[in-house]
Amino acid sequence: MLSIVVLISGGGSNLRALLDATSDDDYPARIVAVGSDTDADGLAHAEAFGVPSFTVVPTSFASRADWGDELLQQVQQWSPDLVVCAGFMRILPPRFVEALSPQLINTHPALLPLFPGAHAVRDALAAGARETGVTVHIVDEGVDTGPTLVQRVVPVLPGDTEHVLQERIKTVERDLLVQTVRNIATGTIDLDTIHHSNRSTTTP
Ligand code: GAR
């Protein structure tokens, strides 16, 4: 059984999808804790499922590195097999990434490398993209630059607003995230292998 810590910043619909999935005995993963950088609405989902949560607010620390160290300590206290960033809207400091990678994944609402960053849906609309999507990837020290595990395409439709497109993406995203975590838990996706093969192709 794969144990997971999920990190969120917002409404937590992806967290909710994972919590729903893990309440099925046949699902091969369990969420042991939920972390946030803010008083996120999504923490209510953790509470509803009786899952403990913690909040580490960056403004309480002298530096981003100090914040990251505290966040790391809070995460590691649960000894998770995997950490899932599901709408966690902060860039993780290098020490945090080094300590957990490649057992540290993120879901992003675009087909990376297109539209990285905090406004992927808005950026896709502004660029006039006809399609966008979801990427689940390993987190590295960059902004949405780590090795891709899986992607799914979502059409951009005439008249889409940012909200409408975001909701269409999130419907696909929740399903993809639940499936990807299952595949990691069963070994169908091997994070170490993907991480190492990516390093050997990018490192001279
Ligand atoms: C998700 O679409 C996630 O991909 C995105 O925030 C949303 C959170 O939704 N993350 C990013 O944009 C990170 N760059 P949720 O809180 O309802 O799960």
Side-chain angles (χ1 to χ4, degrees), residues 4-23 29 31 33-49 51 53-56 58 64 68 71 82-93 96-97 100-101 104-127 129 131-157 160-182 184:
I4 308 172
V5 168
V6 181
L7 299 178
I8 64 166
S9 299
S13 72
N14 282 282
L15 164 66
R16 176 71 193 214
L18 283 170
L19 285 164
D20 286 338
T22 58
S23 56
I31 297 174
V34 175
S36 183
D37 60 322
T38 181
D39 187 18
D41 288 347
L43 292 173
H45 297 305
E47 202 181 339
F49 278 74
V51 172
S53 64
F54 55 87
T55 302
V56 186
R64 215 167 69 80
L71 187 68
L82 179 71
V83 177
V84 178
C85 297
F88 189 67
M89 302 305 282
R90 299 268 172 192
I91 297 161
L92 292 161
F96 187 98
V97 175
L100 296 171
S101 182
L104 175 63
I105 67 170
N106 177 49
T107 180
H108 183 77
L111 298 174
L112 292 170
L114 294 176
F115 312 122
H119 305 291
V121 180
R122 190 184 308 169
D123 293 347
L125 275 177
E131 58 180 30
T132 181
V134 181
T135 303
V136 182
H137 65 97
I138 295 173
V139 176
D140 68 6
E141 283 83 4
V143 179
D144 301 323
T145 51
T148 293
L149 301 175
V150 60
Q151 291 187 309
R152 216 177 261 178
V153 174
V154 175
V156 180
L157 301 179
D160 270 354
T161 61
E162 184 178 349
H163 176 73
V164 166
L165 179 56
Q166 182 164 45
E167 288 309 307
R168 186 179 310 117
I169 290 170
K170 278 164 79 164
T171 303
V172 172
E173 182 175 36
R174 292 189 278 267
D175 183 51
L176 189 65
L177 185 61
V178 165
Q179 212 180 87
T180 304
V181 168
R182 179 200 293 277
I184 292 169

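Atoms within each ligand, like the ligands themselves, are counted from 1 in listed order.
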Nearest heavy-atom contact between Ala29 and Val181 is CB-CG1, 4.0 Å
So the atoms of ligand 1 within less than 4.0 Å of a heavy atom of Lys170 turn out to be 2 (O), 9 (O), 15 (P), 17 (O)
Handout entry: Pairwise side-chain contact, Leu82 with Ile105, heavy-atom cut-off 4.5 Å (strictly under)
Key = yes
Numbered in order shown, the ligand 1 atoms found under 4.0 Å of a heavy atom of Gly87 are 6 (O), 8 (C), 10 (N)
Ligand 1 to Gly117, heavy atom cutoff 4.0 Å, flagged ligand atoms 14 (N)
Only residue of Ile138, Leu92, Asp140 satisfying side chain to side chain contact (heavy atoms under 4.5 Å, CB included) with Leu104 is Leu92
Minimal heavy-atom distance between Ser53 and Leu43, with the atoms involved, is CB-CD2, 3.9 Å
Looking only at distances, can you tell me whether any N or O atom of Gln166, backbone or side chain, sits closer than 3.5 Å to an N or O atom of ligand 1? no
Note: ligand 1 atoms sitting under 4.0 Å from heavy atoms of Asn14 are 1 (C), 9 (O), 15 (P), 18 (O)
Check your understanding: Below 4.0 Å from any atom of ligand 1, is there a heavy atom belonging to Pro109?
Key -> yes
- request: Using modelled atom types only, decide if a donor and an acceptor are shared between the side chain of Thr132 and the backbone of Ala110 within a distance under 3.5 Å.
  value: no
All heavy atoms of Asp123 vs all of Phe115, minimum pair found to be O-CE2, 3.6 Å
I'd like to know whether ligand 1 has Gly11 as a neighbour, heavy-atom separation below 4.0 Å. yes
Enumerate, atom names and distances included, each donor-acceptor pair closer than 3.5 Å involving a side-chain atom of residues 9-19, sequence neighbours excluded.
| residue | atom | partner | partner atom | Å |
| --- | --- | --- | --- | --- |
| Ser9 | OG | Asp37 | OD1 | 2.8 |
| Ser9 | OG | Met89 | N | 2.8 |
| Ser13 | OG | Arg174 | NH1 | 2.8 |
| Asn14 | ND2 | Glu173 | OE1 | 3.4 |
| Arg16 | NE | Asp20 | OD1 | 3.4 |

Q. Is there a nitrogen or oxygen of Asn106 sitting under 3.5 Å from a nitrogen or oxygen of ligand 1?
A. no
among protein heavy atoms, the one nearest atom 1 (C) of ligand 1 is Glu173 OE1, 3.2 Å
Discussion item. When you measure from the heavy atoms of Thr107 to every atom of ligand 1, does any distance fall below 4.0 Å?
Written reply: yes
Here the atoms of ligand 1 under 4.0 Å from any heavy atom belonging to Met89 are 10 (N), 11 (C), 12 (O), 13 (C)
TODO: Could you tell me whether some N/O pair between Gly12 and ligand 1 is separated by less than 3.5 angstrom?
DONE: yes
The protein heavy atom nearest to atom 15 (P) of ligand 1 is Ser13 N, 3.4 Å
*Keeping the roles fixed (side chain from Arg168, backbone from Pro155), state whether a donor-acceptor pair exists under 3.5 Å.*
yes
What one should report as the nearest heavy-atom pair of Arg152 and Leu111 is O-CD2, 3.5 Å
